[in-house]
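What you see below is based on every heavy atom in this structure, not just the backbone, and it leaves out hydrogens, waters and symmetry mates. So that the names make sense, note that chain A is the first sequence line, chain B the second, and so on, each numbered from 1.
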Amino acid sequence: MPKKLDHEFYSREDTVQIARELLGKLLVVPDEEGRRISGMIVETEAYMGVIDKAAHSYGGRRTLRNEVSYGPGGYVYVFFVYGMYFQLNFVTAEPGQVVLIRAIEPVEGIEIMKERRGPMKDMNLTSGPGKLCIALDIDRSLNGADLEGNSIWTEEFRSITDTDVIVGKRVGIDYAAEDAEQPWRFWIKGNPYVSKTRVK
DNA sequence: CGGCTGATCGTG
DNA sequence: ACGATCAGCCGA
């Protein structure tokens with residue numbers, strides 16, 4: 001079994017670079033019976049903390065909800081939005097900075113993902129930040145989880161070259177003014193599991 | 001297939 | 001009030 005990406009990986013200074021490097025890594029969340037449920041990360045976004053108008057920690061805003069994002073790198077930040085969805089983030093070293101996992105390509109446990117998501121095409125199982133949390137059973141109980149622990153982790157999987165990476169604007173943050181234009185979203189070129197972005 | 005809308009609730 | 005969203009419905 002491949003080695004887990006460790007705290008050192010997540011504790012480097014450049015959160016944007018970490019978001020880029022997470023493409024092609026395997027995200028694993030074992031189920032209650034210990035079976036591996038996993039997917040390859042195909043889309044990420046960097047949130048740059050206190051200087052980023054789109055970030056929960058913009059301006060140093062610190063609440064019970066976003067507390068974990070101020071902690072050390074290599075931990076999970078899960079939050080609840082729109083009254084019904086969770087979103088998965090990995091904390092990096094700088095205060096309030098995180099990488100949002102926006103989409104994965106199912107690899108192991110696809111039948112279990114289908115049970116959780118209901119009847120639908122494979123392409124739709126995990127192609128969005130809220131969808132993948134349902135498919136992997138990620139909720140508030142994983143907030144603050146250690147990525148070196150046994151409840152959720154990341155592994156080396158595929159090597160993604162720069163020619164296979166597209167860089168663009170982040171999604172769903174129109175309120176962030178000029179920071180909505182920052183090129184802090186990364187995805188794998190042509191991968192069908194990348195989220196369908198509805199522009200406005 | 002693109003656009004619109006209702007669902008639903010913790011946080012501030 | 002209002003989201004780092006999604007599914008279902010509508011009309012074309």
Side-chain angles (χ1 to χ4, degrees), chain A residues 10 15-16 18-20 22-23 27 29 39 41-71 73 75-92 94-106 113-145 152 166-188 192-200:
Chain A
Y10 288 102
T15 298
V16 173
I18 293 170
R20 153 68 183 87
L22 279 169
L23 296 178
L27 169 63
V29 184
I41 297 171
V42 300
E43 181 182 0
T44 61
E45 286 178 355
Y47 284 83
M48 299 302 282
V50 299
I51 60 149
D52 178 3
K53 289 182 177 171
H56 292 160
S57 53
Y58 175 60
R61 218 164 54 93
R62 193 162 182 150
T63 67
L64 192 57
R65 174 170 84 148
N66 71 16
E67 186 60 31
V68 173
S69 73
Y70 286 92
Y75 290 79
V76 171
Y77 171 42
V78 175
F79 64 90
F80 184 66
V81 265
Y82 298 118
M84 33 171 79
Y85 298 112
F86 291 98
Q87 308 237 0
L88 172 66
N89 301 260
F90 297 151
V91 178
T92 60
E94 297 297 308
Q97 296 191 8
V98 303
V99 176
L100 169 67
I101 307 304
R102 280 196 60 85
I104 64 174
E105 174 177 332
M113 294 185 198
K114 284 181 180 168
E115 286 172 22
R116 293 169 176 165
R117 289 274 292 137
M120 61 178 57
K121 305 198 167 179
D122 286 10
M123 304 255 290
N124 198 27
L125 279 176
T126 55
S127 56
K131 299 177 190 178
L132 73 90
C133 284
I134 298 169
L136 296 182
D137 196 25
I138 291 166
D139 64 21
R140 160 175 16 251
S141 70
L142 284 177
N143 190 40
I152 178 170
I166 313 276
V167 185
K169 299 178 194 176
R170 295 174 294 177
V171 175
I173 52 161
D174 293 336
Y175 58 86
E178 73 274 13
D179 282 337
E181 305 300 312
Q182 299 281 11
W184 290 340
R185 172 174 174 241
F186 298 89
W187 68 97
I188 296 178
Y193 295 89
V194 170
S195 69
K196 324 289 180 260
T197 71
R198 303 157 204 226
V199 185
K200 216 154 192 174

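Here the closest heavy-atom approach between residue Tyr85(A) and residue Tyr82(A) is recorded as CD1-CB, 4.3 Å. Closest non-hydrogen pair, Thr44(A) versus Ala19(A), comes out as OG1-O, 2.9 Å. For the pair Arg170(A) and Ala54(A), the tightest heavy-atom approach, listed with the atom from each and the gap, is NH2-CB, 3.7 Å. The two residues Tyr77(A) and Arg65(A) come nearest to each other via the heavy atoms CE1-O, 3.3 Å. The minimum heavy-atom distance between Gly49(A) and Ala55(A), with the atom names listed, is O-CB, 3.6 Å. Closest heavy-atom contact between Gly168(A) and Trp187(A): N-CZ3, 3.7 Å.
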Using a cut-off of under 3.5 Å, enumerate the N/O to N/O pairs linking the protein to nucleotides 6-8 of chain B.
residue	atom	partner	partner atom	Å
dT8(B)	O3'	Gly83(A)	O	3.4
dT8(B)	O2	Tyr82(A)	O	2.4

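Look at OH on Tyr47(A): it is 12 Å from C1' on dG3(C), rounded to the nearest Å. Note: CD1 (Ile134(A)) to P (dA7(C)) measures 7 Å, nearest angstrom. One atom, CG of Leu125(A), and another, P of dT5(C), lie 19 Å apart when rounded to the nearest Å. What separates NZ of Lys121(A) from P of dG8(C) is a distance of 14 Å, to the nearest Å. To the nearest angstrom, P of dG12(B) lies 8 Å from CG of Leu64(A). Rounded to an integer number of Å, the gap from Lys196(A) NZ to dC4(B) P is 21 Å. Here dG3(C) presents its P atom at 16 Å from NZ of Lys53(A), a figure rounded to the nearest Å. Between the C1' atom of dG8(C) and the CZ atom of Arg117(A) lies a distance of 13 Å, rounded to the nearest Å.
For the C1' atoms, the distance linking dC2(C) with dT5(B) amounts to 16 Å, nearest Å.
Residue Ile173(A) is classed as a sugar-phosphate contact, given heavy-atom separations below 4.0 Å to backbone atoms only.
Heavy-atom contacts from other residues, nucleotides or ligands closer than 6.0 Å to NZ of Lys114(A) number more than 12.
At least one donor-acceptor pair under 3.5 Å links the side chain of Glu43(A) to the backbone N or O of Ser195(A). Formation of a donor-acceptor pair under 3.5 Å by the Thr15(A) side chain with backbone atoms of Ala46(A) is not found in this model.
The shortest distance between the side-chain N/O atoms of Arg102(A) and the OP1/OP2 oxygens of dT5(C) is below 4.0 Å. For the OP1/OP2 pair of dT11(B) and a distance below 4.0 Å, the side-chain nitrogens and oxygens of Thr63(A) include no atom meeting the criterion. Residue Arg61(A) places none of its side-chain N or O atoms closer than 4.0 Å to OP1 or OP2 of dT11(B).
Considering only the side chain of Lys131(A), dA7(C) comes nearest among dA7(C), dT5(C), dT11(B). Relative to the side chain of Arg140(A), the nucleotides dA4(C), dG10(B), dA7(C) differ in distance, and dG10(B) lies closest.
Base pairing in DNA chain B yields stems of at least 3 consecutive Watson-Crick or G-U pairs, both distances under 3.5 Å, namely B:1-7 with C:5-11, B:9-11 with C:1-3.
For the side chain to side chain contact (heavy atoms under 4.5 Å, CB included) test with Ile104(A), the passing option among Val42(A), Val194(A), Leu136(A) is Leu136(A); the others fail.
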